[in-house]
Amino acid sequence: MTQQPLFTVGNVPVFGDAILAPMAGYSDVPYRALCRAYGSAMHYTEFVPVEALLGKRVHERFRRRLDAQPGEHPMVFQIFGNNAQMLLDAALRIQEWGPDIIDINMGCATRKVSGRGAGVGMMPQPALIEETFRLLSQNLEVPVTGKIRLGWDSTQENFLEIGRILEQNGAALIAMHGRTKVQKYGGNANWDAIAELKQTVSVPVIGNGDVQMPEDIGRMKAHTGCDAVMIGRAAIGNPWIFARQRREELAVDEIIKAARLHAWEMVNYYGEAPGLRQFRKHLKRYLEDIPNLALDQLLSTESFAEFEEILVWVETAVSTQTPLKNLQAANT
């Protein structure tokens, strides 16, 4: 029997309800591959500014951010900007690179992005959002979606207005982080607001914010009625969350196995030394809470052979068949 999709984005089927969030510096090809193996159901690229996509030649750094591997579906390319025509021109260009969906980032809260009216800086400009989505939905062959926040601050929580504008102008899905621009990642995410958005629009809604454990996926869905849950920071060093597994209940060898596979994917994609350097931020999250484990050598080597040798030593030095939580309890 063919598995039925949980929901569709335009004509694109989605078969799961846990999705890796687009995160700058993290949501690259290697990490998406790992999260996909554990159950992430839809794949967002890191976001790219439209200005980087409109020249005669797209710099390799930005082209790589919009890379996708064979079989990586549904694949969402995410871009940002503050000019509707430029967003359209960039979207038309990257459409030729094979995305299933193109997403407009209206949620980035960094000053460099939002301060110039892009990212969440679009939300105080409903006319710009209306023009952008009208142009994109009329001219693209793939569905267009948007990722938003509650609004700029607690006095400008205009997510319902923006949600209606998005739906009325052709958006096929809305993802929302339940915080304002001013909150960034502080305070608590407002799941009630995600529920309000879901009740207001008829297109699928993805909820985002404060999903820390596997059980939170079901809790958010039950609380908000959202179609899927987007997981960002809690997935770093923890791809098992997509498989509804608690990291602390895993045997240490399972954690090391994933770290080794991720390192290999990074080296295979970026090259040996660059791949291992970029992997360090992930490696800290994989291994930093394993008791009595010194990370210095693993975090300094640029040789994959040496990396492998150190991991083998780790596997002999640590009780790898023991669940992580038991090791931690024994060391308190």
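- A salt bridge does not link Asp28 to Arg64: none of the charged nitrogens lies less than 4.0 Å from a carboxylate oxygen.
- A salt bridge is defined here as a Lys NZ or Arg NE, NH1 or NH2 lying under 4.0 Å from an Asp or Glu carboxylate O, and Arg149 with Glu157 fails to meet this definition.
- Between Asp227 and Lys221 there is no salt bridge, since no side-chain N of the basic residue sits under 4.0 Å from a carboxylate O of the acidic one.
- Geometrically, Arg179 does not engage Phe159 in a cation-pi contact defined by less than 6.0 Å to the ring centre and at most 45° from the axis.
- In this pair, Phe279 and Tyr286 present their aromatic rings tilted. The plane angle is within the 30 to 60° band.
- Looking at residues two or more places apart in sequence or on another chain, you find a side-chain hydrogen bond (donor to acceptor under 3.5 Å, both in side chains) between His223 and Asp192.
- Electrostatic pairing of Arg260 and Glu308 counts as a salt bridge here, judged by a charged N lying under 4.0 Å from a carboxylate O.
- Side chain of Gln278 to backbone of Gly275: no donor-acceptor contact under 3.5 angstrom is found.
- For the 3.5 Å distance criterion, the side chains of Tyr269 and Asp67 qualify, holding a donor opposite an acceptor.
- The aromatic ring centroids of Tyr26 and Tyr31 lie 6.0 Å or more from each other.
- For the pair Asn268 (side chain) and Trp264 (backbone), a donor-acceptor distance under 3.5 Å is absent.
- A salt bridge is defined here as a Lys NZ or Arg NE, NH1 or NH2 lying under 4.0 Å from an Asp or Glu carboxylate O, and Asp153 with Lys181 fails to meet this definition.
- Linking ILVMFWY residues whenever their side-chain heavy atoms come closer than 4.5 Å, directly or via other members, places Val229 and Phe242 in the same cluster.
- No single ILVMFWY cluster, assembled from side-chain heavy atoms under 4.5 Å apart, contains both Phe47 and Val76.
- For Glu265 and Arg36, the salt-bridge test fails: no basic side-chain N is under 4.0 Å from an acidic carboxylate O.
- Between the side chains of Thr145 and Asp103, at least one donor-acceptor pair of N or O atoms lies under 3.5 Å.
- Remark: Arg63 is positioned above the aromatic ring of Trp97, its terminal NZ or CZ atom under 6.0 angstrom from the ring centre and at most 45 degrees off the axis.
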